[in-house]
Structure formats: C-alpha cells, structure tokens
Amino acid sequence: MKTRIVAGVILASLLFLVVLVLPKSLAAVIMGILQAIASYELLYRTRLVTKPRLIIYSCGMAFLIAIWSYYEAIHAYFVLLMLGYFLLMFSEMLMDHVKIRFETLSKCFVGGLVVPYLMSSVVRILATNTGRYVILIPFLIACICDAGAYFVGVKFGKHKLAPVVSPNKTIEGALGGIASGVVAMLLYTFILDVPLKFDVNYGAAILYGILGCLVGEMGDLCFSVIKRQTGIKDYGNLIPGHGGVLDRFDSILAVAPLIEAMLLIMPVIVL
C-alpha cells in the first residue's frame with residue numbers, strides 16, 4: 001500500500017508538470033509515448049498479438065495519433081495516417097495469410113488506432129485556447145470518482161456491480177463515485193469562476209460529473225474484462241503498485257473523449 005501511495009503521488013506530480021507546465025508540443029510527445037506503451041500492453045502483454053512487426057506498426061501509429069492531435073487534428077492528415085496503417089497491416093496479411101488472419105488485424109486496429117485515438121483526447125483538449133484551464137477535468141473526474149467509489153463501497157457497499165469481472169465494485173460505491181465526481185466538478189468550476197474570473201456553466205459541470213463517472217466506470221470494467229479473458233493481473237509493471245499505463249488510464253481514456261466532446265457541445269467555460 002505504501003508503494004502504491006508513493007507512486008501515486010509521484011505520478012500525480014508528473015501529470016501536473018506535463019499538462020500545466022511543459023510546452024504543449026512536449027506534452028504531446030510524452031502522451032504519444034504513453035499511447036505507444038498502452039498499445040504494446042494491450043496487444044503483446046495480453047498475448048492477443050505476437051507478431052513483432054504488427055506490434056511495432058501499431059505502437060508507431062499510436063504515437064503518431066498524439067502528434068496529429070497536437071497539430072490541430074486536421075481530418076485529411078488523419079485519413080492519410082489511417083490509410084497508410086490500413087495498407088501496411090493488410091500487406092502483412094497478404095504476405096502470410098495463413099498465420100496472420102483478419103481477427104489478428106482487428107485486434108491491432110483496436111490497439112493501434114481506437115484506443116490511442118481515445119487517449120489522445122487529452123492532447124486535443126490541451127491544444128485548445130482554454131486547454132490549460134480545462135485539461136485537469138478528465139483526470140479529476142476519473143480519480144475522484146474512483147476514490148469516492150472505493151471509500152463509499154468499503155463503508156456501505158452491499159450489492160455487487162459486476163461480480164465476475166470486478167468482484168470488489170459495488171452499486172453503492174458506483175453511486176458514491178458519481179456523487180464525488182459531481183462535487184469535485186462543482187468545486188473546480190467554482191475555482192474557474194471566482195478566483196480565475198471566467199464565465200462558467202455550473203449546469204454543464206454537474207453533467208460532466210455524472211456522465212464522466214458513468215463512462216469512467218465503464219472504461220474500467222471494459223479493460224478489466226480483457227484482463228480476465230487473457231488471464232493477466234495487470235497490463236504491465238511500469239508504475240510500482242499500479243501496474244501499466246492501461247491500468248492507470250483505463251478510466252481516463254473513456255472520460256477524456258467524453259469531456260472533449262462536451263467542451264464543444266456544452267462548454268464549462270463560456271467564452
């Protein structure tokens with residue numbers, strides 16, 4: 001437990017440094033590296049894909065998506081990236097269609113394209129005009145919801161939420177997590193409002209908290225069930241006491257794209 005707490009404090013400090021202090025371009029590079037590691041964890045650590053070149057291509061694509069996200073996420077460039085990745089992967093199947101089957105490529109597309117695209121929402125949020133002020137929202141929701149669910153679940157939890165996939169999660173804990181997320185968002189919006197003098201939308205903040213906690217819980221469960229199916233405890237051992245990148249980002253990669261969309265549809269900072 002001590003190792004987990006110390007690692008968590010260090011991780012949080014590094015997170016603040018990356019998203020609030022470092023140049024946005026460097027933050028995008030760091031996020032690209034994390035996405036490449038996540039792609040490797042999902043494909044290789046689970047043994048879902050064992051072909052080295054397929055994993056290398058997928059990790060490379062994961063990194064490039066973060067860089068594309070920093071450069072204004074221009075649609076045409078994403079189409080070209082996706083086309084190149086598609087052709088490269090299918091070329092491998094054409095060269096060895098007996099060993100490399102379509103289902104293997106499908107796993108690579110999830111690990112090298114879908115998951116990195118969701119994770120890179122962090123970069124796209126950061127690249128906006130108000131990015132420095134709203135970038136903490138997905139991390140805040142994911143972390144506070146997780147902590148609230150844990151403590152409420154320990155104290156009041158009786159009804160299992162997903163007993164097979166995650167036996168420690170309870171419905172009471174999930175509700176506590178949602179309540180915690182809403183309170184955290186209201187406090188964060190208050191800081192944007194009073195000390196920082198932004199025009200804010202408290203109704204949007206409440207919605208961010210509710211929806212963010214719901215999708216965050218879903219993201220956690222989705223990646224937990226993959227671990228169950230593949231027989232692994234953690235996706236990696238990069239972070240002592242926490243596991244790999246995917247073990248820490250499973251909720252955030254669901255919350256971040258939701259917040260990215262919500263900031264466009266119903267911004268919490270009214271400009």
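Side-chain contact between Phe16 and Val21 is absent, with no heavy atoms from C-beta onward closer than 4.5 Å. For the pair Ile191 and Leu187, the minimum side-chain heavy-atom distance is 4.5 Å or more. Side-chain contact check for Leu140 versus Tyr208: every heavy-atom pair is 4.5 Å or farther apart. Side chains of Val122 and Phe139 form a contact here, defined as non-hydrogen atoms less than 4.5 Å apart. Residues Leu54 and Leu105 have side chains in contact (heavy-atom distance under 4.5 Å, counting atoms from C-beta outward). Using a 4.5 Å cut-off on side-chain heavy atoms (C-beta onward), Ile141 and Cys213 make contact. Taking the side chain as every heavy atom from C-beta outward, Phe78 and Met82 approach each other to under 4.5 Å. Side chains of Arg124 and Tyr117 form a contact here, defined as non-hydrogen atoms less than 4.5 Å apart.
Taking the charged nitrogens against the carboxylate oxygens, Lys51 and Glu92 have no contact shorter than 4.0 Å, which rules out a salt bridge.
Between the side chain of Asn201 and the backbone N or O of Gly203, at least one donor-acceptor pair lies under 3.5 Å. Although no hydrogens or angles enter the test, the distance criterion places a donor-acceptor pair under 3.5 Å between the side chain of Asp247 and the main chain of Gly244. A donor-acceptor pair under 3.5 Å links the side-chain atoms of Gln35 to the main chain of Ala62, judged by distance alone. Remark: the backbone N or O of Val123 is not paired with any side-chain donor or acceptor of Ser120 at under 3.5 angstrom. Remark: side-chain polar atoms of Ser166 are not paired, donor with acceptor, to backbone N or O of Ala162 under 3.5 angstrom. Under the 3.5 Å distance criterion, the side-chain polar atoms of Ser69 are matched with a main-chain donor or acceptor of Ile65. In terms of modelled atom types and a separation under 3.5 Å, the side chain of Thr128 and the main chain of Gly131 share a donor-acceptor contact. Proximity of a side-chain donor or acceptor of Tyr70 to a complementary backbone N or O of Ala27 within less than 3.5 Å is not detected. Without hydrogens or angle criteria, Thr230 side chain to Thr46 main chain gives no donor-acceptor distance under 3.5 Å. A donor-acceptor distance shorter than 3.5 angstrom exists from the side chain of Glu41 to the backbone of Val245, with no hydrogens or angles considered.
Trp68 has its ring centre no less than 6.0 Å from the ring centre of Tyr77.
Met218 is not connected to Leu207 by any chain of hydrophobic side-chain contacts under 4.5 Å among Ile, Leu, Val, Met, Phe, Trp and Tyr, and they are in different clusters. Hydrophobic clustering of Ile, Leu, Val, Met, Phe, Trp and Tyr side chains at less than 4.5 Å, counting indirect connections, keeps Leu88 apart from Val79. When hydrophobic clusters are built by joining Ile, Leu, Val, Met, Phe, Trp and Tyr residues whose side-chain heavy atoms come closer than 4.5 Å, directly or via intermediates, Leu26 is grouped together with Leu126.
Screening Lys169, Arg248, Lys227 for a salt bridge (Lys or Arg N to Asp or Glu O under 4.0 Å) with Asp220, the sole residue that qualifies is Lys169. Just one residue in the list Tyr40, Tyr44, Tyr85 forms a side-chain hydrogen bond (donor to acceptor under 3.5 Å, both in side chains) with Ser58, and that residue is Tyr85.
Between Lys107 and Val49, the closest heavy-atom pair is CB-CG2, 4.0 Å. Annotation for Ala205 and Leu186: closest pair CB-CD2, 4.5 Å, computed over non-hydrogen atoms. Scanning both residues, Gly212 and Val215, for their nearest heavy atoms gives O-CG2, 3.4 Å. Closest non-hydrogen pair, Ser224 versus Val165, comes out as CB-CG1, 3.7 Å.
Asp193 and Tyr202 form a side-chain donor-acceptor contact under 3.5 Å, judged by distance and modelled atom types alone.
A tilted orientation is assigned to the rings of Phe102 and Phe90, their planes being inclined by 30° to 60°.
The CG atom of Leu253 lies 9.0 Å from the SG atom of Cys222; values are rounded to the nearest 0.5 Å.
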